[in-house]
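Reviewing the structure listed below.
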Amino acid sequence: MIEAVLDDAGAGLDPEAVIGMDSRFADDLELESIDLVALAERLEERYGDRVNFAEFLADLDLDEIIALTVGRLVDHVAGRLSAATAEG
């Protein structure tokens with residue numbers, strides 16, 4: 001999804017770059033706030049309201065958003081999906 005958002009933004013991903021759990025959206029992947037909105041839309045399309053990325057971001061302060069890593073987002077998504085499955 002992240003690669004698709006970068007491609008849609010016209011930025012693309014450096015062919016030698018690797019998206020890993022420690023990759024930071026702002027510093028490493030150079031995603032802008034509009035790109036995060038696009039990522040939120042893709043997450044909603046894929047997982048519905050079980051994963052509310054906008055709510056997740058709203059709970060973070062600005063420094064946390066700037067330092068947000070792929071791993072932290074993956075943990076959020078996995079946790080929300082696990083909780084939704086348990087509620088069942």
Side-chain angles (χ1 to χ4, degrees):
M1 283 186 200
I2 296 168
E3 286 183 32
V5 168
L6 288 168
D7 287 342
D8 289 349
L13 186 63
D14 181 337
E16 296 181 20
V18 175
I19 298 175
M21 296 294 272
D22 293 328
S23 297
R24 293 170 299 198
F25 287 102
D27 293 338
D28 300 325
L29 303 176
E30 299 179 4
L31 263 73
E32 303 287 331
S33 58
I34 190 72
D35 301 322
L36 290 176
V37 171
L39 180 58
E41 290 172 356
R42 287 180 180 271
L43 287 167
E44 184 176 346
E45 287 173 8
R46 173 82 185 250
Y47 301 111
D49 61 357
R50 295 176 293 169
V51 176
N52 189 332
F53 186 53
E55 183 179 278
F56 170 69
L57 287 178
D59 289 339
L60 303 178
D61 64 35
L62 182 59
D63 290 335
E64 290 176 307
I65 293 171
I66 292 169
L68 183 62
T69 63
V70 171
R72 187 160 182 196
L73 176 58
V74 167
D75 289 343
H76 168 72
V77 171
R80 296 292 296 180
L81 292 175
S82 179
T85 301
E87 292 172 3

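These numbers come from a predicted model, not from an experiment.
In this structure, the side-chain hydrogen bond (donor to acceptor under 3.5 Å, both in side chains) partners of Arg24, at least two apart in sequence or on a different chain, are Asp28. Take Val37 and apply the side chain to side chain contact (heavy atoms under 4.5 Å, CB included) test, not counting sequence neighbours, and it matches Glu41. Under the side chain to side chain contact (heavy atoms under 4.5 Å, CB included) criterion, Arg42 pairs with Met1, Ala4, Val5, Asp8, not counting sequence neighbours. Partners of Glu64 according to the side chain to side chain contact (heavy atoms under 4.5 Å, CB included) rule, which considers only residues two or more places apart in sequence or in another chain, are Leu60, Asp61, Arg72. Remark: Asn52 pairs with Ala54, Glu55 by the side chain to side chain contact (heavy atoms under 4.5 Å, CB included) rule, at least two apart or across chains.
The stretch residues 38-66 participates, sequence neighbours left out, in these ring-ring contact (aromatic ring centres under 6.0 Å, His included) pairs: Phe56-His76.
Looking at heavy atoms from C-beta onward, Leu39 lies in side-chain contact with Leu73 at the 4.5 angstrom threshold.
No donor-acceptor pair closer than 3.5 Å links the side chain of Arg50 to the backbone N or O of Leu81.
Grouping Ile, Leu, Val, Met, Phe, Trp and Tyr residues whose side-chain heavy atoms lie under 4.5 Å apart, directly or via other members, leaves Ile34 alone, with no other cluster members.
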Does the pair Asp35 and Phe25 meet the rule for a side-chain contact (heavy atoms from CB on, under 4.5 Å), with working shown?
CA-CA 9 Å; Asp35 301 322; Phe25 287 102; over 6 Å; no
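Distance check: Leu68 CG to Leu29 CG gives 10.0 Å after rounding to the nearest 0.5 Å.
Ile66 and Leu57 sit in two unconnected hydrophobic clusters of ILVMFWY residues. Membership requires side-chain heavy atoms under 4.5 Å apart, directly or through other members.
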